[in-house]
Every structure is written in C-alpha cells, then in structure tokens.
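Here the structure is laid out as structure tokens; the discussion comes afterwards.
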Amino acid sequence: EYGEQLKKRKDVEDKAWCDAITQKLAESKSIVGSDLSHDWLSIGDSHVCAYARENSSVVKQDGTTLFGQVKEDFAYIKSHIKPHHKGITISLGNIDVRHHLCRVENSISTISNMMQSLSDFGTSLGIEVEYAAPWPIEFEERKLPKTGYYKGRPFWGTREERIEAAKSIEAWMYVKNMNVVKCPK
C-alpha cells in the first residue's frame with residue numbers, strides 16, 4: 001500500500017498523487033520474482049538481496065527464519081523453485097541469530113540440527129545451491145523498526161553471544177561442505 005503509506009508522511013504535500021499511486025497499483029498485475037525466467041533463484045529473509053547473484057530472481061520474505069523453514073520442511077522455498085531454475089541462493093539464519101538462538105537451551109544442538117536439515121534439503125534439490133552465512137552482528141544501538149522486534153525486544157542475548165551463534169552457523173556450513181557465500185570481511 002505504497003500510496004497510503006506515502007500519504008501519511010508529513011513531508012508529502014501532494015495527496016492526490018498518492019491516490020493516483022494507489023489506483024495505479026490496484027490496476028497492476030503482481031508477479032513473484034520466481035515467476036521470472038531467470039535460471040537462478042535467490043530466496044530468504046530480508047538480507048537475501050545482499051547475496052543475490054546478478055540476473056537472479058529474488059524472493060524476499062522479511063522475518064523468514066531457518067527454524068521456521070526446517071519446521072515447515074522448507075515448504076516456502078519449495079513453492080518458489082521452478083523447473084527452469086538451475087541454481088539457488090538461500091539466505092536464512094539472520095533472524096535466528098538476532099532473536100532465537102540466544103534464548104534457547106542447547107543452542108549448539110539446535111544449530112547442528114538446523115544445519116543438517118538445511119544441508120539435506122539443499123542436496124535433495126538436484127541443482128546448484130549456495131547458502132548465505134548470517135550477516136555480521138548489529139551493534140545494539142542500531143535503530144531497528146518495531147517490525148524487527150521479537151517479544152518487544154530488538155535483540156536477544158549479548159552481542160558476543162550473537163556473534164558466537166553466527167560463527168557456529170557458518171562453521172557448520174563448512175563442516176557440511178555447503179557452498180557458502182558471505183559478505184566481505
């Protein structure tokens with residue numbers, strides 16, 4: 001609802017223009033990135049665009065977690081893989097690090113189980129798979145929108161605990177011989 005969102009801003013003076021945007025969008029046909037004819041699919045959480053290959057279809061679902069995908073047997077990802085896709089970049093784990101892994105007991109066991117499931121899933125696809133390592137851990141003072149909060153908090157665990165969780169995920173990727181993509185150091 002971009003027109004409505006813009007209309008609510010204090011710095012937007014032309015409200016009729018916002019209504020025109022709303023009308024134009026209502027008449028537009030929506031497509032999903034995976035419906036494009038690109039032979040590579042990049043899919044995952046809000047960080048997926050940072051890892052997407054040039055000329056790949058991108059499907060971004062903010063808040064998508066590795067835990068949730070494992071629990072649902074990767075149904076969301078499966079629903080976007082098309083016969084023309086020769087490869088896929090999967091970006092998951094960022095939300096798990098920020099909110100979930102520092103809240104659960106046995107986080108190392110949890111990480112190990114999730115990574116095994118992710119590795120098995122990728123192998124089952126029969127196409128080339130890249131796995132995005134979690135993004136570097138944010139500084140606690142970073143202003144996050146409330147939509148990025150979980151149970152009223154922007155982060156769970158100390159920065160050091162979140163760094164260790166991210167490192168553990170990446171280490172498991174290498175243990176499982178997964179094709180890892182990550183941001184530069």
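Taking the side-chain contact (heavy atoms from CB on, under 4.5 Å) definition, one finds that Asp62 meets it with Ser46, Lys60, sequence neighbours left out. Annotation: side-chain contact (heavy atoms from CB on, under 4.5 Å) contacts of Thr158 (sequence neighbours excluded): Glu160, Glu161. Remark: Leu25 pairs with Tyr2, Ile21 by the side-chain contact (heavy atoms from CB on, under 4.5 Å) rule, at least two apart or across chains. Partners of Glu1 according to the side-chain contact (heavy atoms from CB on, under 4.5 Å) rule, which considers only residues two or more places apart in sequence or in another chain, are Glu4.
The salt bridge (charged side-chain N to carboxylate O under 4.0 Å, His left out) contacts involving residues 23-45 comprise Asp35-Lys82, where partners must be two or more places apart or lie in separate chains. Identified under the ring pair (Phe, Tyr, Trp, His ring centres under 6.0 Å) test for residues 16-45, with sequence neighbours left out: none.
Within 6.0 Å of CZ in Phe67 there are 12 or fewer heavy atoms belonging to other residues, nucleotides or ligands. By the neighbour-count criterion of 12 heavy atoms within 6.0 Å, atom NZ of Lys78 is densely surrounded, having more than that number from other residues, nucleotides or ligands.
Taking both residues in full, the closest heavy atoms of Lys182 and Ala133 are given as CB-CB, 3.8 Å, listed atom of the first, atom of the second, then distance. Across all non-hydrogen atoms, the minimal contact from Thr123 to Tyr131 is N-OH, 4.2 Å. Residues Val58 and Cys49 share a closest heavy-atom pair of CG1-SG, 3.9 Å. The two atoms that bring Gly122 and Val129 nearest to each other are O-CG2, 3.6 Å, heavy atoms only. Nearest heavy-atom pair across Ser119 and Lys176 is OG-CB, 3.9 Å. Residue Ser168 comes nearest to Ile111 through the heavy atom pair CB-CD1, 3.7 Å, listed as atom of the first residue, atom of the second, then distance.
Distance alone, capped at 3.5 Å, is enough to place a donor-acceptor pair between the Lys15 side chain and the Val12 backbone. Judged by distance alone, with hydrogens and angles left aside, the side-chain atoms of Ser124 form a donor-acceptor pair with the main-chain N or O of Phe121 at under 3.5 Å. Ser56 places no side-chain N or O within donor-acceptor distance of the main-chain N or O of Ala52, the cut-off being under 3.5 Å.
In summary, Glu164 and Arg159 do not engage in a salt bridge, as defined by a charged side-chain N under 4.0 Å from a carboxylate O.
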What do the steps show when you test Leu118 against Val70 for side-chain contact (heavy atoms from CB on, under 4.5 Å), and what is the final call?
CA-CA 7 Å; Leu118 181 59; Val70 168; 5.6 Å; no
Do Trp135 and Tyr51 pass the ring pair (Phe, Tyr, Trp, His ring centres under 6.0 Å) test, and can you show the C-alpha distance, the side-chain angles, and the key distance before you say yes or no?
CA-CA 10 Å; Trp135 199 251; Tyr51 296 108; 5.7 Å; yes
Working for side-chain contact (heavy atoms from CB on, under 4.5 Å), residues Thr89 and Ile43
CA-CA 6 Å; Thr89 301; Ile43 188 167; over 6 Å; no
Determine, step by step, whether Asp120 and Gln116 satisfy the side chain to side chain donor-acceptor pair (under 3.5 Å) criterion, reporting the C-alpha distance in whole Å, the side-chain angles of both residues, the deciding distance to 0.1 Å, and the verdict.
CA-CA 6 Å; Asp120 291 347; Gln116 184 65 54; 2.8 Å; yes
Give the intermediate values and the outcome of side-chain contact (heavy atoms from CB on, under 4.5 Å) for residues Ile88 and Glu130.
CA-CA 6 Å; Ile88 184 172; Glu130 294 178 335; over 6 Å; no
Test side-chain contact (heavy atoms from CB on, under 4.5 Å) applied to Arg162 and Val97, step by step:
CA-CA 6 Å; Arg162 295 192 318 274; Val97 168; 3.9 Å; yes
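Hydrophobic clustering (side-chain heavy atoms under 4.5 Å, transitive across Ile, Leu, Val, Met, Phe, Trp, Tyr) keeps Leu36 apart from Ile77. Hydrophobic clustering, with ILVMFWY side chains joined whenever heavy atoms are under 4.5 angstrom apart, groups Leu125 together with Met178. Under the 4.5 Å side-chain heavy-atom criterion for ILVMFWY residues, a single connected hydrophobic cluster contains both Tyr174 and Trp172. Residue Met115 is grouped with residue Ile163 when hydrophobic side chains (ILVMFWY) are merged at heavy-atom distances under 4.5 angstrom, including chains of intermediate members. Taking hydrophobic clusters as Ile, Leu, Val, Met, Phe, Trp and Tyr residues chained together by side-chain heavy-atom distances below 4.5 Å, Leu66 shares a cluster with Ile90.
Distance check: Asn179 CG to Glu128 CD gives 6.0 Å after rounding to the nearest 0.5 Å. Separation of atoms CD (Gln61) and OG (Ser91) is listed at 12.5 Å; rounding is to 0.5 Å. Of the inter-residue distances, the one linking Lys71 atom NZ with Ser117 atom OG reads 13.5 Å to the nearest 0.5 angstrom.
Exactly one residue among His85, His80, His84 makes a side-chain hydrogen bond (donor to acceptor under 3.5 Å, both in side chains) with Ser34. That residue is His80.
The closest side-chain heavy-atom distance from Met114 to Leu92 is not below 4.5 Å.
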